Amino acid sequence: MAVRVGVLGATGAVGQRLIQLLDPHPEFELAALTASDSSAGKTYRQAAKWRVDSPIPSDVAEMTVQATEPDAIPDDIDLLFSSLPSSVGAAVEPGFCEAGYVVSSNSSNGRMDDDVPLVIPEINAEHLDLLEVQRDERGWDGALIKNPNCSTITFVPTLAALTEFGLEKVHVSTLQAVSGAGYDGVTSMEIIDNAIPYIGSEEDKLETESRKLLGEFDGASLTHNDMAVSASCNRIPTIDGHLENVWVETEDELDAAAAAEAMEAFPSLDLHSSPEPLIHVFDEPDRPQPRMDRTVGGGMAIAAGGMQETPFGLQYNCLAHNTIRGAAGASVLNGELLAENGYF
Ligand SMILES: NC(=O)c1ccc[n+]([C@@H]2O[C@H](COP(=O)([O-])OP(=O)(O)OC[C@H]3O[C@@H](n4cnc5c(N)ncnc54)[C@H](OP(=O)(O)O)[C@@H]3O)[C@@H](O)[C@H]2O)c1
């Protein structure tokens with residue numbers, strides 16, 4: 001039987017991707033949509049300025065957008081995907097969890113809380129068991145699980161593939177697409193013919209979330225990975241797909257061929273939205289590129305290439321689709337992991 005799901009913040013950039021991914025989903029049945037008070041009461045077609053690269057699903061178009069509050073959500077919904085601005089998520093997500101809903105959220109609020117699992121299923125599915133700690137501590141019938149920031153998701157799978165070499169220092173420099181800022185995030189006057197070497201709070205997210213994701217969970221608490229991570233984040237005028245340049249210093253010797261082999265061999269999962277392979281390694285030195293490679297694995301794979309040894313360790317490039325693998329697809333995948341682990 002399908003799991004009945006809803007989307008909080010369904011009209012935004014990530015919300016629209018969620019609608020696109022959920023419409024044909026074999027396990028999930030979309031039954032509720034919410035947005036801000038200015039959208040509540042309208043049909044989805046009226047409320048959402050649809051900008052995704054496939055037609056708006058006709059049945060979803062006629063659904064009524066609800067206010068973002070627990071009383072507006074039918075009781076028989078099991079799982080809510082949240083793509084609310086973080087300030088709004090911080091204010092309302094706990095109320096949904098208290099009311100018994102399981103929330104799989106994109107928003108950055110709570111990601112670093114000790115009892116909130118921050119999960120990329122192929123990397124750290126075992127962190128899901130933190131939900132038992134969370135329920136004990138917060139007394140919720142529901143639960144809150146987070147996926148990382150879109151730029152964190154892009155490089156952490158490649159690091160996970162290299163952990164066997166002993167990660168010591170990581171430097172990552174990002175070239176991030178405008179859709180990562182949301183529909184109203186960056187104006188055309190700011191970004192056309194330009195690059196912006198600052199994205200508020202982004203560097204801190206890459207540095208802290210990566211260490212949490214690659215940390216060890218002992219059944220009661222999580223110890224963050226002790227590698228040093230330094231990030232520098234840049235906005236560039238691409239629409240979708242975050243490209244990142246990474247330098248990794250490892251305890252054991254790591255050459256370009258061994259890195260490529262480890263990334264290619266890194267296992268995926270048998271979940272509906274997990275791509276096979278998880279990391280697609282290009283031989284061509286000028287790949288991956290956002291326009292050409294952001295849809296590898298249906299937008300759920302990580303693309304990597306350009307491995308080379310440097311005085312600063314192994315250098316390579318990686319890329320992921322920021323609103324699919326980096327946001328909507330990541331939340332859906334976490335929903336699939338929850339379903340597989342009997343949460344509904
Ligand atoms: N874009 C990305 O690549 C990306 C990647 C990873 C994570 N995220 C995170 O995902 C979240 C959503 O990002 P986005 O890019 O989709 O943002 P967005 O395009 O600005 O969409 C925000 C959504 O939240 C709704 N909303 C705004 N204020 C609200 C309020 N006070 N109460 C209820 N609903 C409200 C909006 O509804 P209205 O249409 O009615 O205003 C809209 O549905 C953010 O936390 C962001 O940091 C984004």
Side-chain angles (χ1 to χ4, degrees), residues 6-21 32-52 60 63-73 80-93 95-96 103-111 118-120 144 146-154 156 174-187 199-202 204-206 209 233 235-236 238-244 290 294 299-300 319-334:
V7 176
L8 311 178
T11 51
V14 177
Q16 293 189 20
R17 279 286 179 204
L18 277 163
I19 303 300
Q20 186 189 41
L21 296 176
L33 306 170
T34 84
S36 72
D37 288 347
S38 65
S39 299
K42 296 178 181 167
T43 64
Y44 187 69
R45 188 193 300 282
Q46 292 168 329
K49 203 167 172 186
W50 186 256
R51 285 176 251 219
V52 177
V60 179
M63 287 173 71
T64 301
V65 176
Q66 307 293 335
T68 302
E69 52 196 36
D71 288 349
I73 303 292
L80 294 170
F81 295 106
S82 173
S83 51
L84 295 164
S86 300
S87 56
V88 180
V92 306
E93 286 174 351
F96 283 97
V103 178
S104 173
S105 169
N106 273 287
S107 314
S108 62
N109 55 290
R111 277 187 196 143
L118 179 69
V119 176
I120 302 173
L144 181 63
K146 294 275 169 175
N147 53 262
N149 172 277
C150 42
S151 304
T152 308
I153 292 189
T154 303
V156 165
T174 71
L175 303 156
Q176 300 183 214
V178 293
S179 61
Y183 281 142
D184 301 324
V186 188
T187 67
I199 303 175
S201 308
E202 195 82 348
D204 181 60
K205 288 176 190 166
L206 273 74
E209 292 176 12
C233 296
R235 185 78 67 199
I236 61 160
T238 47
I239 299 288
D240 289 317
H242 292 349
L243 177 63
E244 304 184 356
R294 60 194 166 207
M300 286 298 285
L319 169 80
H321 195 300
N322 55 295
T323 62
I324 302 180
R325 170 51 87 163
S331 295
V332 170
L333 191 56
N334 279 346

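Source: prediction; values computed, not measured. Read the numbers this way: they start at 1 and go in the same order the structure lists the ligands and their atoms.
- Under a 4.0 Å criterion applied to the non-hydrogen atoms of Y183, ligand 1 contributes the atoms 19 (O).
- Distances from atom 20 (O) of ligand 1 to the protein include no heavy-atom value under 4.0 Å.
- The contact set between ligand 1 and T323, taken as ligand atoms under 4.0 Å from a residue heavy atom, comprises 3 (O).
- Of the inter-residue distances, the one linking R17 atom CZ with R51 atom CZ reads 12.5 Å to the nearest 0.5 angstrom.
- In summary, of the residues considered (T323, V332, L8, L33), a side chain to side chain contact (heavy atoms under 4.5 Å, CB included) with L18 occurs for V332 alone.
- With distances taken over non-hydrogen atoms, the option nearest atom 38 (P) of ligand 1 out of V92, T11, V14, L84 is T11.
- The structure places CD1 of I19 at 9.5 Å from CG of L21, a figure rounded to the nearest 0.5 Å.
- Remark: distances from the non-hydrogen atoms of D184 to ligand 1 are all 4.0 Å or more.
- Taking both residues in full, the closest heavy atoms of A35 and V65 are given as N-CG1, 3.6 Å, listed atom of the first, atom of the second, then distance.
- In terms of heavy-atom proximity, E202 sits nearest to Q176 at OE2-NE2, 2.9 Å.
- For ligand 1 and S39, the ligand atoms under 4.0 Å from any heavy atom of the residue are 38 (P), 39 (O), 40 (O).
- Side-chain atoms of N147 and S331 form a donor-acceptor pair, as typed in the model, at a separation below 3.5 Å.
- The shortest heavy-atom contact between N106 and G326 is OD1-O, 4.4 Å.
- Between N149 and R111 there is a side-chain heavy-atom pair separated by less than 4.5 Å.
- With a 4.0 Å cut-off on non-hydrogen atoms, A10 touches ligand 1 through its backbone and not its side chain.
- Protein heavy atom in closest approach to atom 26 (N) of ligand 1: P85 CD, 3.8 Å.
- Between G12 and ligand 1, an N or O atom pair is found at a separation short of 3.5 Å.
- Considering backbone and side-chain atoms together, N322 places an N or O closer than 3.5 Å to an N or O of ligand 1.
- In this structure, atom 31 (N) of ligand 1 lies nearest to the protein heavy atom V88 CG2, 3.6 Å.
- At least one N or O atom of A13, backbone or side chain, sits closer than 3.5 Å to an N or O atom of ligand 1.
- Contact detail for S107 and K146: the closest heavy-atom pair is O-NZ, 3.1 Å.
- In the vicinity of G182, heavy-atom distances shorter than 4.0 Å reach the ligand 1 atoms 15 (O), 19 (O).
- Taking CG of L319 as the start and OG1 of T174 as the end, the distance is 12.0 Å to the nearest 0.5 Å.
- One finds the OG1 atom of T68 at 7.5 Å from the CG atom of D37 (value rounded to the nearest 0.5 Å).
- Heavy atoms only, all atoms of each residue included: T152 and K205 are closest at OG1-O, 3.7 Å.
- By the definition of a contact as any protein heavy atom under 4.0 Å away, atom 12 (C) of ligand 1 is in contact.
- The shortest non-hydrogen separation linking S83 to V7 is OG-CG1, 4.2 Å.
- If you check each of S36, A328, S86 against atom 29 (C) of ligand 1, the one with the closest non-hydrogen atom is S36.
- Looking at ligand 1, you won't find any N or O of A47 less than 3.5 Å from one of its N or O atoms.
- Counting atoms of ligand 1 from 1 in the listed order, those under 4.0 Å from a heavy atom of S107 are 45 (O).
- Ligand-side atoms of ligand 1 in range of T68: 33 (C), 34 (N), range being under 4.0 angstrom from any heavy atom.
- When only non-hydrogen protein atoms are considered, atom 23 (C) of ligand 1 lies nearest to S83 O, 3.7 Å.
- Numbered from 1 in the order shown, with element, the atoms of ligand 1 that lie under 4.0 Å from a heavy atom of G326 read 5 (C), 6 (C).
- Contacts of S179 with ligand 1, taken as heavy-atom pairs under 4.0 Å, involve the backbone alone.
- Among protein heavy atoms, the minimum distance from atom 7 (C) of ligand 1 is reached at N106 O, 3.7 Å.
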